[in-house]
Amino acid sequence: MFQWLGLDVRDKDILEIGCGNGYGGYLLNQLGPKSYVGVDVMEEQIEIARRHYPQYKFIVQDATDLSQFAEASKDVVIIFGVLHHIPDWRKAIDEIIRVLKPGGSLLLEEPRGVDIKVFDAFFRWGHPNTDFGLNALDAHLTQRELTIQTKQWTPLLTMYHITK
């Protein structure tokens with residue numbers, strides 16, 4: 001889906017937020033990036049990623065503090081359904097904006113806020129109690145002067161291609 005939305009990582013510097021066990025990093029690296037770094041707050045997931053894909057770089061890192069990455073150092077930032085798990089998701093977006101190069105792309109997939117509340121009510125998944133939702137996300141992206149190139153709704157997730 002991200003490729004359909006315009007994902008182009010060939011010879012580009014990629015940062016994946018919420019890389020989990022590293023499988024997304026594996027897939028992204030098949031597309032020929034210049035560099036790839038995956039970050040996640042869960043140490044056990046980073047350990048799995050490092051064990052399964054030792055050729056790629058994985059770091060235990062909070063998305064609300066990407067200070068170890070230089071300003072304007074990444075061409076592409078990717079988030080596979082993780083932003084809604086971050087209590088201060090706006091700060092994470094602001095950090096992503098800081099590390100994105102001018103003209104860089106943010107590709108993300110997220111559920112609607114109402115879906116998160118419904119799933120938590122039934123399954124008690126324990127998502128953070130925030131105002132996250134697609135309307136709030138769109139408003140923050142617009143306020144931060146990002147351009148939503150494509151927004152594709154699917155029954156479970158909405159896919160975004162956003163440029164700086």
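Counting begins at 1 with the first residue of the sequence.
Enclosure of atom CD in E145 is not indicated, since only 12 or fewer non-hydrogen atoms of other residues, nucleotides or ligands lie within 6.0 angstrom. No more than 12 heavy-atom neighbours from other residues, nucleotides or ligands sit within 6.0 angstrom of CD on E43. Around NZ of K57, the count of heavy atoms belonging to other residues, nucleotides or ligands within 6.0 Å does not exceed 12.
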Could you walk me through whether I79 and I96 pass the side-chain contact (heavy atoms from CB on, under 4.5 Å) check? CA-CA 10 Å; I79 305 175; I96 290 165; 3.6 Å; yes
Please lay out, stage by stage, how R98 and E95 fare under the test salt bridge (Lys or Arg N to Asp or Glu O under 4.0 Å). CA-CA 5 Å; R98 185 187 65 74; E95 276 292 278; 3.2 Å; yes
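Here the shortest heavy-atom pairing between S105 and H161 reads OG-NE2, 2.9 Å. For R50 against I59, the heavy-atom pair with the smallest separation is NH2-CA, 3.9 Å. Contact detail for E16 and F80: the closest heavy-atom pair is OE2-CD1, 3.1 Å. Contact between V99 and L15 at its shortest, heavy atoms only, is CG2-CD2, 4.2 Å.
Judged purely by atom type and a 3.5 angstrom limit, D40 has no side-chain atom pairing as donor or acceptor with the backbone of I46. Between the Q149 side chain and the I162 main chain, no donor and acceptor come within less than 3.5 Å of each other. Of the possible donor and acceptor atoms, one in the side chain of E110 sits under 3.5 Å from a partner among the backbone N and O of L83.
Linking ILVMFWY side-chain heavy atoms closer than 4.5 Å, directly or via other members, places L7 and Y36 in a single hydrophobic cluster. The hydrophobic clustering, which links ILVMFWY residues whose side-chain heavy atoms are closer than 4.5 Å, places L134 and V82 together. Under the 4.5 Å side-chain contact rule for hydrophobic residues, M42 and I86 do not share a cluster. In this structure, Y56 is a member of the same hydrophobic cluster as V60, with clusters built from ILVMFWY side-chain heavy atoms closer than 4.5 Å.
With sequence neighbours excluded, the residues forming a side chain to side chain contact (heavy atoms under 4.5 Å, CB included) with A49 are F58, listed by chain and number. Scored by the ring pair (Phe, Tyr, Trp, His ring centres under 6.0 Å) test, Y26 finds Y23, Y53 as partners (sequence neighbours excluded). In terms of the side chain to side chain contact (heavy atoms under 4.5 Å, CB included) criterion, residue partners of K91 (sequence neighbours excluded) are, by chain and number, T64, D88. Listed by chain and number, the residues in a side chain to side chain contact (heavy atoms under 4.5 Å, CB included) with R51 are I48 (sequence neighbours excluded). Residues passing the side chain to side chain contact (heavy atoms under 4.5 Å, CB included) test with A136 are W89, R90, D131, sequence neighbours excluded. Taking D65 as the reference, S67 meet the side chain to side chain donor-acceptor pair (under 3.5 Å) condition, with sequence neighbours excluded.
Annotation: side chain of Q55 is not in contact with side chain of N29 (no heavy-atom distance under 4.5 Å). Counting only heavy atoms from C-beta outward, the side chains of I14 and L31 never approach each other to under 4.5 Å. Between K164 and L106 the shortest side-chain heavy-atom distance does not fall below 4.5 Å. No side-chain heavy atom of Q61 sits less than 4.5 Å from a side-chain heavy atom of V37. Within the 4.5 Å cutoff, no side-chain heavy atoms of N21 are placed close to those of H52. Side chains of T158 and L137 form no contact here, defined as non-hydrogen atoms less than 4.5 Å apart. Contact check for D75 versus D11: no side-chain heavy atoms found under the 4.5 Å cut-off. For the pair D13/F69, no side-chain contact is recorded, criterion being any heavy-atom separation below 4.5 Å from C-beta on.
Here the OG1 atom belonging to T142 is positioned 12.0 Å from the CZ atom belonging to R144, to the nearest 0.5 angstrom. Here K151 contributes atom NZ and M159 contributes atom CE; the two are 13.5 Å apart, rounded to the nearest 0.5 Å. Rounding to the nearest 0.5 Å places CD1 of I17 at 9.0 Å from CD1 of I93. In this structure, T163 OG1 and L146 CG are separated by 7.5 Å, a value rounded to the nearest 0.5 Å.
Under the 30°/60° scheme for interplanar angles, the aromatic rings of F132 and H84 are found to be tilted.
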